[in-house]
Amino acid sequence: MARFSKAGDIRIGTIGYSSAFNMGRAHLADGQKFGMVPTAVCELNPERREAARQDFPGIETYSDLDEMLAKSDVNLIAIITPHNTHYDLALKCLRAGRHVVVEKPFALTTEECDEMIAAAEQRNLVVTAYHNRHWNGCIMQAVKAIRSGAIGEVVHVDAHMGSWGKPREWWRSSKSISGGILYDWGAHLLDYTFQILQADMAEVSGFVKAGFWAQTSPWGADANEDDAFVTIRYTDGRWSTLGISSLDSRPRQGWVQVVGTEGSYWFDYHSYEITRPDHEQTLVTRGKNPPTTAECFYENLASHLVDDVPLVISPQWSRRPVHVIDLAQQSAAQGRTLAVKYA
């Protein structure tokens, strides 16, 4: 059911306007590009509230969310805050009758995701995660080539990112705040994987090494894991893996490798490579990925709210990476494989 007669009726605001990556401005600017009206910002830092007023003259600014919800007619709120706050803030906004966009990851546990989805459904509201990298040029190019048969039938996907080095001393390195090593880039790489492997998941296994960097981290025992690895088995027999490490002194090239029956497809942000056997020789095709089109998130959201176009990043899609990471952490702790549960 369409919620608005036109995009100009969508009054968008944010919780958070931090200078880190300038995501507050990005959300408001992308929404504005597709007809939404930047309306309100809730931010604790007075300097960042002033930055919001400079970026969007006339915008309302608040230091307290309850006050913003009581006084502002903002009806779509983007939550741009540390991961462990997503659930509570999303529920508060949904219960106040606002549509919600949550920076990825959607939340930290499956149960939190399910409560957020239920709260939105009960009120005919939209809740979704900001998977802007869903439209990265690298995955768009990969999906196009793979679906055209470039490597035959896909067998498995290997997503990985790593280096050797102490993590930065900020909130993303705290497990209780960030959720752990898998919740940042891991969520993006899972989004890539699910676009390539369009199949139902059956089970998840997780493996974790922790404690090495914690010795010198200001977070101590609350520091993120040092290394984590996840395997996913799908109901059609295929599988995928995800590895994130701060202990990998010889990291592999690229971000994702897709193995098919007639070749392999490798990519990172900038480039791709297709390797195909041809009798006694190997054919290699290399190319550059197209630019990212992250603004498509808000284009699709506006179309969904006005014209009821299907939501690309549905609540269920938003839940999926969180469920996998949640299961992987439980699996690592219990030393066994766990079954996937669909919403």
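Nearest approach of Val100 to Cys93, heavy atoms of both residues: CG2-CB, 3.6 Å. Closest non-hydrogen pair, Asp64 versus Glu67, comes out as OD2-N, 2.9 Å. For the pair Leu69 and Arg98, the tightest heavy-atom approach, listed with the atom from each and the gap, is O-NH2, 3.0 Å. Of all the heavy atoms in Pro82 and Ile177, the pair that sits closest is CB-CG2, 3.7 Å.
Note on ring orientation: taking the six-membered ring where Trp is involved, the planes of His156 and Trp239 are parallel (angle under 30°, cut-offs 30° and 60°). Taking the six-membered ring for Trp and thresholds of 30 and 60 degrees, Trp164 and Trp213 have ring planes more than 60 degrees apart, a perpendicular arrangement. Using cut-offs of 30° and 60° on the angle between ring planes, the pair Phe229 and Phe207 is tilted.
Among pairs with a residue in residues 91-120, those fulfilling ring-ring contact (aromatic ring centres under 6.0 Å, His included) read Phe4-His99, at least two apart in sequence or across chains.
To the nearest 0.5 Å, atoms CZ (Arg11) and CD (Glu60) are separated by 9.5 Å.
Proximity of Ser240 to Tyr234: side-chain heavy atoms (C-beta onward) are separated by under 4.5 Å at one or more points. Contact annotation: the side chain of Tyr272 never approaches that of Cys138 to less than 4.5 Å [non-hydrogen atoms, C-beta and beyond]. Inter-residue side-chain proximity for Cys113 and Tyr87 is flagged as unmet; no heavy-atom pair is nearer than 4.5 Å. Proximity of Met23 to Glu103: side-chain heavy atoms (C-beta onward) are separated by under 4.5 Å at one or more points. Under the 4.5 Å side-chain criterion, counting only non-hydrogen atoms from C-beta, Val340 is not in contact with Asp200.
Here Lys104 does not pair with Asp191 in a salt bridge; the nearest charged N to carboxylate O distance is not below 4.0 Å. Under the 4.0 Å criterion applied to side-chain N and carboxylate O atoms, Asp114 and Arg319 are assigned as salt-bridge partners. Taking 4.0 Å as the cut-off between side-chain N and carboxylate O, Asp9 and Arg3 do not count as a salt-bridged pair. Under 4.0 Å is where a charged nitrogen must lie from a carboxylate oxygen, and between Lys175 and Glu225 at least one such pair does.
Put simply, the side chain of Thr109 gets close to the backbone of Glu112: a donor and an acceptor are under 3.5 Å apart. Thr261 places a side-chain N or O within donor-acceptor distance of the main-chain N or O of Glu153, the cut-off being under 3.5 Å. Side-chain N or O atoms of Asp236 include one that pairs as donor or acceptor with a backbone N or O of Arg238 at under 3.5 Å. At least one donor-acceptor pair under 3.5 Å links the side chain of Asn289 to the backbone N or O of Asp268. Using modelled atom types, one side-chain atom of Lys166 and one backbone atom of Thr216 make a donor-acceptor pair closer than 3.5 Å. With hydrogens and angles disregarded, no donor-acceptor distance shorter than 3.5 Å links the side chain of Ser314 to the backbone of Leu311. No donor-acceptor pair closer than 3.5 Å links the side chain of Arg133 to the backbone N or O of Ala294. The backbone N or O of Leu28 lies less than 3.5 Å from no partner atom in the side chain of Tyr298, so there is not a single donor-acceptor pair. Under the 3.5 Å distance criterion, the side-chain polar atoms of Asn300 are matched with a main-chain donor or acceptor of Pro310. In this structure a side-chain-to-backbone donor-acceptor pair under 3.5 Å is present from Asp326 to Thr110.
Not counting sequence neighbours, the partners of Thr85 by the side-chain hydrogen bond (donor to acceptor under 3.5 Å, both in side chains) test are Thr81. The side-chain hydrogen bond (donor to acceptor under 3.5 Å, both in side chains) check on Tyr265 picks up nothing, with sequence neighbours excluded. Listed by chain and number, the residues in a ring-ring contact (aromatic ring centres under 6.0 Å, His included) with His160 amount to none (sequence neighbours excluded). Take Trp135 and apply the ring-ring contact (aromatic ring centres under 6.0 Å, His included) test, not counting sequence neighbours, and it matches no residue.
Side chains of Asn45 and Tyr17: no donor on one and acceptor on the other come within 3.5 Å. Looking at Asp158 and Thr241, their side chains do bring a donor and an acceptor atom within 3.5 Å of each other.
Environment of CD in Glu47: sparse, with no more than 12 heavy atoms of neighbouring residues, nucleotides or ligands closer than 6.0 Å. Annotation for Lys71: atom NZ does not count as buried by contact number, only 12 or fewer foreign heavy atoms lying within 6.0 Å.
Thr61 pairs in a side-chain hydrogen bond (donor to acceptor under 3.5 Å, both in side chains) with only one of the listed residues (Glu50, Arg49, Arg48, Arg53), which is Arg53. With respect to Ile274, the side-chain contact (heavy atoms from CB on, under 4.5 Å) criterion is satisfied by exactly one of Thr285, Val258, Ile146: Thr285. The residue from Thr193, Ile196, Leu189 that alone fulfils the side-chain contact (heavy atoms from CB on, under 4.5 Å) condition with Ile139 is Ile196.
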Where do Thr282 and Asp278 land on the side chain to side chain donor-acceptor pair (under 3.5 Å) test, with the steps shown first? CA-CA 6 Å; Thr282 300; Asp278 183 29; over 6 Å; no
Could you please spell out the steps behind the ring-ring contact (aromatic ring centres under 6.0 Å, His included) verdict for Phe297 and His134? CA-CA 8 Å; Phe297 176 90; His134 187 90; 9.5 Å; no
Does Trp171 form a ring-ring contact (aromatic ring centres under 6.0 Å, His included) with His83? I'd like the steps, not just the answer. CA-CA 9 Å; Trp171 68 261; His83 303 167; 4.9 Å; yes
Check the pair Asn224 / Ser173 against side chain to side chain donor-acceptor pair (under 3.5 Å), numbers first and verdict last. CA-CA 5 Å; Asn224 279 352; Ser173 300; 5.2 Å; no
Apply side chain to side chain donor-acceptor pair (under 3.5 Å) to residues Ser245 and Asp226 and explain how you reach the verdict. CA-CA 6 Å; Ser245 179; Asp226 305 306; over 6 Å; no
Tyr192 and Phe267: side chain to side chain contact (heavy atoms under 4.5 Å, CB included), yes or no, with the steps? CA-CA 11 Å; Tyr192 291 168; Phe267 69 88; 4.1 Å; yes
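Taken together through direct or relayed side-chain contacts under 4.5 Å among Ile, Leu, Val, Met, Phe, Trp and Tyr, Ile232 and Trp185 form part of one hydrophobic cluster. By the rule that hydrophobic residues join a cluster once side-chain heavy atoms approach within less than 4.5 Å of another member, Val101 and Val37 end up as members of separate clusters. Phe21 and Leu44 fall into different hydrophobic clusters, where Ile, Leu, Val, Met, Phe, Trp and Tyr residues are linked whenever their side-chain heavy atoms come under 4.5 Å apart, directly or through other members. By the criterion of side-chain heavy atoms lying less than 4.5 angstrom apart, applied directly or through intervening Ile, Leu, Val, Met, Phe, Trp or Tyr residues, Trp317 is grouped together with Leu108 in one hydrophobic cluster. Under the 4.5 Å side-chain heavy-atom criterion for ILVMFWY residues, no single connected hydrophobic cluster contains both Phe212 and Ile181.
A cation-pi arrangement, defined by a distance under 6.0 Å to the six-membered ring centre and an angle within 45 degrees of its axis, is present between Arg320 and Phe194.
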Taking only distance into account, with no hydrogens and no angle test, what donor-acceptor pairs under 3.5 Å do side-chain atoms of residues 331-338 form with protein atoms, sequence neighbours excluded?
| residue | atom | partner | partner atom | Å |
| --- | --- | --- | --- | --- |
| Ser331 | OG | Gly206 | N | 2.9 |
| Ser331 | OG | Arg336 | O | 2.6 |
| Gln334 | OE1 | Arg336 | NE | 2.8 |
| Gln334 | OE1 | Arg336 | NH2 | 2.9 |
| Thr337 | OG1 | Ser205 | OG | 2.5 |

